Colleague: 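Quick one: the structure is below, questions incoming.
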Amino acid sequence: MADQKAEIFELNNGTMKVLISNLGCTITSLSVPGKDGKLADVVLGFDSVEPYLKGMAPYFGCIVGRVANRIKEGKFTLNGTQYSLPINNPPNSLHGGNKGYDKQIWQVAEHKTGDKPSITFKYHSHDGEEGYPGSVSVTATYTLTSSTTMRLDMEAVPENKPTPISLAQHTYWNLAGHNSGDVLDHRVQIWANHITPVDENTVPTGEIKPIKGTPFDFTAERRVGESIHEVGLGYDQNYVLDCGEEKEGLKHAAKVRDPSSSRVLNLWTNAPGMQFYTGNYVNGVQGKGGAVYNKHAGLCLETQGFPNAINTPNFPSVVVQPGEKYRNTMLFEFSVEFE
């Protein structure tokens with residue numbers, strides 16, 4: 001197959017418009033209406049594929065894998081064999097290594113228009129890629145399922161060896177508009193009573209810790225900035241999604257509301273965890289239309305397997321057997337809600 005080039009594709013149902021690249025299945029733009037019916041682009045990103053290709057994005061909008069988040073010291077043992085991964089976030093391996101799925105050009109398998117437009121990307125991850133065992137066939141389908149709802153179905157099937165798989169969608173959201181400043185005034189609710197606390201190297205200790213009454217407690221809606229000064233640089237925690245109502249096999253994971261535009265995002269997923277990250281390391285990134293993104297310019301809601309689960313026996317397993325299908329589904333429901 002000839003080398004495909006990085007391009008940007010559009011999904012548009014007349015109400016919302018999403019631009020997605022085959023480079024890392026990256027959402028580069030997502031426009032939805034606010035209280036005045038006016039569209040705003042609510043994701044951080046770049047106007048063209050070049051800055052993504054040059055590595056200027058701190059995982060803006062992409063799908064990360066083979067394993068999202070951190071693997072302690074870039075090592076794990078599976079069925080008696082030790083595997084070593086690139087240490088691209090010392091002293092750990094992060095988001096699949098030096099050239100994870102976010103930096104690969106995926107094949108466009110299908111692109112549909114109409115009232116439920118969709119695009120399906122495929123990627124074949126080979127045995128030994130970034131140190132991981134076995135070949136894996138991966139697909140990701142983005143669908144606009146209703147006027148202001150987008151669904152993402154991520155699937156992966158190991159072909160010949162058991163392997164850890166945990167994909168995550170790493171979009172940075174700012175519901176006031178990507179160029180509106182920080183998200184500290186956004187209101188967030190997360191359907192989680194526990195987090196997996198981390199050590200000094202941001203790797204989970206293995207504990208599953210209740211958060212009631214702590215600065216990490218978002219069981220009731222609260223302002224992102226309310227207690228952010230009490231949690232170091234900002235939020236960067238895996239939340240245990242253990243108390244959300246269910247619909248169609250998905251759990252309610254999070255609700256984000258921007259009072260200035262009245263935009264709301266409700267997120268549903270089948271994943272066990274969600275990294276809530278407040279863009280703590282974003283610093284002077286030149287984004288779309290001349291916007292400059294700084295600290296807390298966006299927030300991420302990365303539904304995932306628990307970080308370092310491959311080395312943590314009491315966490316839900318992320319190992320997938322050959323022929324089994326891994327699935328991570330996310331439903332992004334946008335609406336307008338007046339106080």
Side-chain angles (χ1 to χ4, degrees), residues 16 18 20 24-27 30 32 42-43 59 61-69 95-96 101-102 118 120-121 138-146 148-156 164-173 175 186 188-196 204 208 211 216 218-219 221 235-257 264-278 298-307 309 315-318 320 324-335:
M16 68 187 291
V18 188
I20 308 168
C25 301
T26 300
I27 298 171
L30 189 150
V32 285
V42 296
V43 305
Y59 300 102
C62 58
I63 289 178
V64 295
R66 179 173 309 190
V67 173
N69 218 297
H95 291 331
Y101 295 177
D102 63 299
S118 68
T120 299
F121 299 99
V138 192
T139 63
T141 301
Y142 293 92
T143 309
L144 303 189
T145 53
S146 76
T148 53
T149 303
M150 179 178 74
R151 180 181 171 113
L152 169 60
D153 292 283
M154 296 179 271
E155 299 184 347
I165 301 175
S166 176
L167 307 181
Q169 217 299 340
H170 209 299
T171 291
Y172 289 70
W173 303 98
L175 297 183
H186 280 42
V188 168
Q189 186 171 3
I190 301 172
W191 277 268
N193 289 313
H194 300 81
I195 58 168
T196 52
I208 291 174
I211 49 176
F216 300 102
F218 283 91
T219 49
E221 182 187 86
Y235 293 97
D236 192 6
Q237 266 72 32
N238 173 58
Y239 280 73
V240 178
L241 300 175
D242 53 12
C243 57
E245 57 173 323
E246 283 203 26
K247 70 168 180 188
E248 295 166 32
L250 304 178
K251 299 173 290 197
H252 205 173
K255 176 184 174 183
V256 183
R257 182 171 66 86
V264 171
L265 166 58
N266 277 285
L267 174 61
W268 301 72
T269 186
N270 65 338
M274 183 188 78
Q275 194 80 7
F276 175 50
Y277 172 54
T278 48
L299 58 84
C300 301
L301 306 165
E302 308 159 52
T303 68
Q304 61 182 4
F306 294 2
F315 283 0
S317 175
V318 292
V320 186
E324 282 185 357
K325 186 177 278 189
Y326 160 92
R327 285 191 178 93
N328 181 357
T329 296
M330 305 175 80
L331 193 67
F332 303 90
E333 292 183 329
F334 295 93
S335 57

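Please read these numbers as outputs of a predicted model, since none were measured by experiment.
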Colleague: Which pair of non-hydrogen atoms, one from A140 and one from I63, has the smallest distance, and what is that distance?
Modeller: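 Heavy atoms only, the tightest pair is CB-CD1, 3.6 Å.
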Colleague: Does some side-chain heavy atom of T26 sit less than 4.5 Å from a side-chain heavy atom of D102?
Modeller: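 The answer is no; the side chains never approach within 4.5 Å.
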Colleague: What closest approach, in Å, do L175 and H186 show between heavy atoms, and which atom pair accounts for it?
Modeller: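 Taking L175 first and H186 second, the nearest heavy atoms are N-NE2, 2.9 Å.
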Colleague: Determine the minimum heavy-atom distance between A168 and E302, stating which atoms define it.
Modeller: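 Closest heavy-atom pair between A168 and E302: CB-CB, 4.2 Å.
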Colleague: Who pairs with T141 by side chain to side chain donor-acceptor pair (under 3.5 Å), at least two apart in sequence or on another chain?
Modeller: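 Testing T141 for side chain to side chain donor-acceptor pair (under 3.5 Å), a comparison that skips the adjacent residues, returns T120.
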Colleague: With rounding to the nearest 0.5 angstrom, report the CG to CD1 distance, L152 to I27.
Modeller: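 Interatomic distance, L152 CG to I27 CD1, rounded to 0.5 Å: 7.0 Å.
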Colleague: So L167 and I165, do their side chains get closer than 4.5 Å, heavy atoms only?
Modeller: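 A side-chain contact exists here, since the closest heavy-atom pair is under 4.5 Å.
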Colleague: Could you pull out all residues at least two apart from S146 that satisfy side chain to side chain donor-acceptor pair (under 3.5 Å)?
Modeller: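 Residues passing side chain to side chain donor-acceptor pair (under 3.5 Å) with S146: T149.
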Colleague: Measure the spacing between CD of Q304 and CE of M330 and express it to the nearest 0.5 Å.
Modeller: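 Taking CD in Q304 and CE in M330, the distance rounds to 9.5 Å.
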Colleague: Residues in side chain to side chain donor-acceptor pair (under 3.5 Å) with Y142, at least two apart?
Modeller: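 For Y142 the side chain to side chain donor-acceptor pair (under 3.5 Å) partners, ignoring immediate neighbours, are Q169.
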Colleague: What verdict does the side chain to side chain contact (heavy atoms under 4.5 Å, CB included) test give for L299 and V188, after you've listed the backbone C-alpha separation in whole Å, the side-chain angles of each residue and the deciding distance to 0.1 Å?
Modeller: CA-CA 10 Å; L299 58 84; V188 168; 4.1 Å; yes
Colleague: Looking only at heavy atoms, which two atoms of T219 and A192 are closest? And how far apart?
Modeller: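 Heavy-atom minimum between the residues: CG2-O, 3.2 Å.
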Colleague: Taking side chain to side chain contact (heavy atoms under 4.5 Å, CB included) as the test, write out the residues that go with A271, two or more places apart.
Modeller: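 Here the qualifying residues are T269, T303, N328.
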Colleague: How far apart are the closest heavy atoms of G305 and S166, and which atoms are they?
Modeller: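 So the two residues come closest at N-OG, 3.0 Å.
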Colleague: What distance do M274 atom CE and L301 atom CG have between them, rounded to the nearest 0.5 Å?
Modeller: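 With rounding to 0.5 Å, CE (M274) is 5.0 Å from CG (L301).
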Colleague: Nearest 0.5 Å please: distance from the NZ atom of K251 over to the CG atom of L267.
Modeller: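 K251 NZ to L267 CG: 11.0 Å, rounded to 0.5 Å.
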Colleague: Please say whether more than 12 non-hydrogen atoms of neighbouring residues, nucleotides or ligands are located less than 6.0 Å from CD in E246.
Modeller: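 It does: E246 CD has more than 12 such atoms within range.
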Colleague: When you measure from the side chain of D242 to the backbone of N193, do you find a donor-acceptor pair of N or O atoms at a distance under 3.5 Å?
Modeller: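 Flag set: sc D242 to bb N193 pair under 3.5 Å.
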Colleague: For residues I208 and T196, determine if any side-chain heavy atom of one lies less than 4.5 Å from a side-chain heavy atom of the other.
Modeller: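 Yes, at least one pair of side-chain atoms sits under 4.5 Å.
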Colleague: Applying ring pair (Phe, Tyr, Trp, His ring centres under 6.0 Å), can you list everything that pairs with F218, at least two apart in sequence or on another chain?
Modeller: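 For F218 the ring pair (Phe, Tyr, Trp, His ring centres under 6.0 Å) partners, ignoring immediate neighbours, are Y235, F276.
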Colleague: In chain order, what residues pass the salt bridge (charged side-chain N to carboxylate O under 4.0 Å, His left out) check against E155, with sequence neighbours excluded?
Modeller: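 Salt bridge (charged side-chain N to carboxylate O under 4.0 Å, His left out) list for E155, sorted by chain: K325, R327.
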Colleague: Please enumerate all residues that pass ring pair (Phe, Tyr, Trp, His ring centres under 6.0 Å) together with W268, with sequence neighbours excluded.
Modeller: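 Here the qualifying residues are H252.
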Colleague: Residues in side chain to side chain donor-acceptor pair (under 3.5 Å) with D236, at least two apart?
Modeller: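 Checked D236 against side chain to side chain donor-acceptor pair (under 3.5 Å); matches are Q275.
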Colleague: Go through the structure and list residues passing salt bridge (charged side-chain N to carboxylate O under 4.0 Å, His left out) with R257, not counting sequence neighbours.
Modeller: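 Expected list: E221, E339.
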Colleague: Would you say the side chain of L144 lies within less than 4.5 Å of the side chain of V18, judging by non-hydrogen atoms?
Modeller: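 Side-chain contact under 4.5 Å: yes.
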Colleague: In the structure I gave you, are the side-chain heavy atoms of W191 and K255 within less than 4.5 Å of one another anywhere?
Modeller: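 When only atoms from C-beta onward are counted, K255 and W191 do touch, with a gap below 4.5 Å.
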Colleague: How would you list, by chain and number, every residue that makes a ring pair (Phe, Tyr, Trp, His ring centres under 6.0 Å) with Y239, sequence neighbours excluded?
Modeller: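 For Y239, no residue satisfies ring pair (Phe, Tyr, Trp, His ring centres under 6.0 Å) once neighbours in sequence are set aside.
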Colleague: Which heavy atom in L30 sits nearest to a heavy atom in V43, and how many Å separate them?
Modeller: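 Heavy atoms of L30 and V43 come nearest at N-CG2, 3.6 Å.
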Colleague: Quick one: side chain to side chain contact (heavy atoms under 4.5 Å, CB included) partners of T329, sequence neighbours excluded?
Modeller: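 By the side chain to side chain contact (heavy atoms under 4.5 Å, CB included) rule, T329 matches R151, D153, L250, N270.
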Colleague: Do Q237 and I211 make a side-chain contact, defined as non-hydrogen atoms from C-beta onward lying under 4.5 Å apart?
Modeller: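 A side-chain contact under 4.5 Å is absent here.
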Colleague: So, using ring pair (Phe, Tyr, Trp, His ring centres under 6.0 Å) as the criterion, who are the partners of H170 when residues are at least two apart?
Modeller: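 Expected list: Y59, H95, Y172.
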Colleague: Can you tell if the side chain of F315 reaches within under 4.5 Å of the side chain of P204, non-hydrogen atoms only?
Modeller: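 F315 vs P204: side chains touch.
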